[in-house]
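Notes follow once the structure below has been shown.
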Amino acid sequence: MSLLENPVVLRSVCFFAGSAIGYWLWRWKERNLRAAFTLKERSALEDARRQAEVIAREARVQANEEAIKIRQAAENSCSTRQQELTDTEKRLVERETLINRQLQSIVEEERRLREQQDACRRQSDGLDSQRQELAEAARRRREELQAVSKLNEAEARAQLLKEIEMESLQDASHLTRRILEEARMHAEEKARHVISLAIQRYAGEHTYEISSATIALPGEDLKGRIIGREGRNIRAFEAATGVTVLIDDTPNAVVLSGFDPVRREIARESMQRLILDGRIHPTRIEEVVTKVSQEMDETIVRYGEEAVLRAGAGPIHPEIIKTLGRLRFRHSFSQNVLDHCVEVAHLTGLLAAELGLDSSTAKRCGLLHDIGKAITHEVEGAHALVGADLLRRHGESEEVVNAVASHHDEVPHHGPLGILVSAADAISASRPGARSETMTTYIKRVEDLEKIGLSFPGVEKCFAVQAGRELRVVVKPEAVNDEQAFALARNISRKIESELQYPGQIRVTVLRETRCVEFAK
């Protein structure tokens with residue numbers, strides 16, 4: 001049996017042969033794979049080299065471009081800097097030239113000033129010598145004047161000072177008159193314009209004084225019923241109302257007189273009701289007077305509300321309205337005080353509107369300016385201060401309180417409203433027919449006016465004319481010259497303002513007459 005026929009040997013031979021073939025095939029495959037990998041790696045390296053060359057070429061191109069840009073920017077910056085340096089150098093050269101010219105002018109000015117200083121020194125020396133010569137000449141002149149005028153130095157100086165004083169007074173009088181004329185021209189023109197516009201825009205009724213209440217009777221027999229048995233009715237009526245009943249020979253009339261106007265009004269209404277009712281006895285009198293007194297409180301409030309509405313003063317405290325309504329029964333120089341307050345409210349509002357101020361507040365001030373007159377018999381003091389204190393207690397603004405308190409100059413003005421109220425008050429009081437005064441008061445005012453004019457030196461005569469609206473003063477021409485006449489008129493007007501109470505304004509006219517008389521023989 002041969003070896004090939006042996007299965008073990010055959011399997012071994014086949015195993016080794018397969019192993020050899022498999023190893024050879026693996027080596028051949030590995031060799032092919034390595035060759036393919038090498039080829040692929042060589043190809044990748046070639047691609048990488050080509051890409052690196054492209055990137056390097058692009059980087060060189062971009063670097064060249066950046067270098068060109070940087071070079072251009074540097075060249076531009078250098079050219080700009082060079083231009084700036086050139087301009088700076090040019091300006092420095094110009095400045096240096098200017099400085100040199102200024103330095104040269106300063107040197108020339110210094111030389112000129114030195115020459116002027118020398119000239120001034122020479123002139124000063126000359127002036128000193130001239131001053132000495134003038135002093136010597138003045139001394140010789142004074143000696144000659146003293147010898148000629150027979151006056152010593154003190155007397156001559158006094159006479160010279162007197163002449164200078166007179167000249168100075170004349171110059172001052174001229175200047176004062178010119179300033180006053182200019183101020184009066186502009187101020188009076190403006191004030192006249194404002195006041196005339198306000199007066200033209202308002203028209204008030206004329207009022208008349210009511211000092212007593214007269215009751216008309218249907219017959220004379222009612223006088224006996226009013227008096228009553230043994231005068232019990234009239235005593236009961238006077239005790240209930242607080243007024244005096246005057247029954248005289250006047251036919252069909254009874255006069256009621258009382259200090260309090262509200263009580264007088266209550267008495268008048270009560271008397272009229274008793275006459276219409278016909279039952280006049282103490283019990284009925286007390287009932288009627290009590291009922292009328294209650295109704296009077298409502299009437300007073302109604303009058304106050306109507307006044308506020310007519311004046312357009314806005315909402316006001318009820319107590320102030322009630323006090324304001326009491327003015328309906330008060331009169332001042334024949335003028336009803338409540339109507340006067342409404343009139344002043346309208347005038348103050350118009351004046352404020354002309355001056356660009358708040359007309360509503362101005363009307364409020366004008367309406368309340370005389371409210372103190374309603375309680376002056378209950379509280380001591382001037383009615384302006386009493387009214388201002390009442391308004392302050394009931395929450396009125398300080399602006400309104402000061403305007404009321406200062407409208408008669410009892411306190412300083414804190415604003416223009418007090419001045420406007422004072423002006424409107426004067427306009428309302430001084431318009432024709434607004435107020436009247438007794439003959440005694442009028443004569444006393446005219447006499448005082450003439451006495452004030454005669455109290456000044458150099459005045460020869462005084463005449464109050466035009467119902468006391470003008471004072472004509474006749475001066476002595478040898479004692480008062482033309483310039484002093486203007487000052488005298490101003491001083492008289494100031495004294496009248498400070499010492500007299502008068503409605504409106506008073507014109508002061510100073511007359512100086514120079515008569516030159518010669519006789520032909």
Side-chain angles (χ1 to χ4, degrees), residues 204-205 207-216 236-245 254 256-332 335-346 363-364 366-379 383 386-387 389-391 393-396 400 404:
E205 298 180 354
T207 57
Y208 300 91
E209 184 175 6
I210 303 176
S211 58
S212 60
T214 302
I215 307 298
F237 188 85
E238 291 178 347
T241 59
V243 301
T244 302
V245 181
V254 174
L256 305 177
S257 178
F259 176 76
D260 192 336
V262 177
R263 289 184 178 181
R264 187 171 62 245
E265 180 65 19
I266 293 174
R268 186 189 64 80
E269 182 66 24
S270 301
M271 181 63 73
Q272 288 181 347
R273 293 189 183 186
L274 288 171
I275 293 172
L276 292 175
D277 185 40
R279 295 176 295 170
I280 305 177
H281 53 83
T283 304
R284 181 60 180 169
I285 289 173
E286 292 181 0
E287 292 177 357
V288 172
V289 171
T290 302
K291 185 176 180 180
V292 172
S293 299
Q294 294 175 354
E295 294 176 357
M296 182 56 64
D297 293 337
E298 300 176 359
T299 303
I300 289 173
V301 174
R302 186 178 73 252
Y303 281 137
E305 292 175 348
E306 289 177 356
V308 173
L309 183 62
R310 286 163 54 196
I316 297 180
H317 195 278
E319 288 297 326
I320 297 178
I321 293 178
K322 185 176 180 180
T323 307
L324 187 66
R326 294 172 63 90
L327 296 177
R328 179 66 178 80
F329 307 101
R330 287 186 63 92
H331 294 77
S332 178
Q335 192 175 33
N336 185 273
V337 178
L338 185 58
D339 292 339
H340 165 68
C341 289
V342 174
E343 184 174 347
V344 171
H346 286 294
K363 288 182 179 180
R364 196 181 191 91
L367 178 65
L368 302 176
H369 81 284
D370 272 348
I371 195 171
K373 289 184 178 180
I375 54 176
T376 50
H377 63 284
E378 303 172 1
V379 182
H383 74 274
V386 172
D389 185 63
L390 173 68
L391 297 178
R393 291 199 309 269
H394 290 93
E396 284 294 327
V400 176
V404 172

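None of these values were measured; they are calculated from a predicted model.
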Any side-chain heavy-atom pair from [X] and [Y] closer than 4.5 angstrom?
X	Y	answer
Glu305	Leu309	no
Arg284	Ile280	no
Lys363	Leu367	no
Thr299	Arg302	yes
Arg268	Arg264	no
Val301	Lys322	yes

Open item on the list: With rounding to the nearest 0.5 angstrom, report the CZ to CD1 distance, Arg263 to Ile266.
Closed with: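 Answer rounded to 0.5 Å: 8.0 Å.
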- [ ] Drop me the distance from Glu265's CD to Ser293's OG, to the nearest 0.5 angstrom.
- [x]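 Between atom CD of Glu265 and atom OG of Ser293 there are 11.5 Å.
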Can you sort out the partners of [X] under side-chain contact (heavy atoms from CB on, under 4.5 Å), two or more places apart, ordered by chain and number?
X	value
Arg364	Ala313, Ile316, Leu368, Glu396, Val400
His394	His317, Glu319, Ile320, Leu390
Thr244	Glu238, Leu246
Arg273	Glu269, Val288, Lys291, Val292, Glu295

Closest contact, heavy atoms only, [X] versus [Y]:
X	Y	value
Leu327	Cys341	CD1-SG, 3.9 Å
Val308	Leu324	CG2-CD2, 4.0 Å
Phe237	Ala267	CZ-O, 3.3 Å
Leu338	Ala307	CD1-CB, 3.7 Å

Task: Qualifying residues under ring-ring contact (aromatic ring centres under 6.0 Å, His included), relative to His281, sequence neighbours excluded - done: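 Result, ring-ring contact (aromatic ring centres under 6.0 Å, His included) vs His281: none returned.
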Under the 3.5 angstrom rule, does the side chain of [X] hit a backbone N or O of [Y] as a donor-acceptor pair?
X	Y	answer
His346	Arg310	yes
His369	Gly366	yes
Asp370	Lys373	no

Task: Pairs touching residues 284-306 that satisfy ring pair (Phe, Tyr, Trp, His ring centres under 6.0 Å), sequence neighbours left out - done: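 As it turns out, the ring pair (Phe, Tyr, Trp, His ring centres under 6.0 Å) pairs with a partner in residues 284-306, which skip direct neighbours, are Tyr303-Phe329.
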Open item on the list: Test side chain to side chain contact (heavy atoms under 4.5 Å, CB included) on Glu343 and Asp339; report intermediate values, then the result.
Closed with: CA-CA 6 Å; Glu343 184 174 347; Asp339 292 339; over 6 Å; no
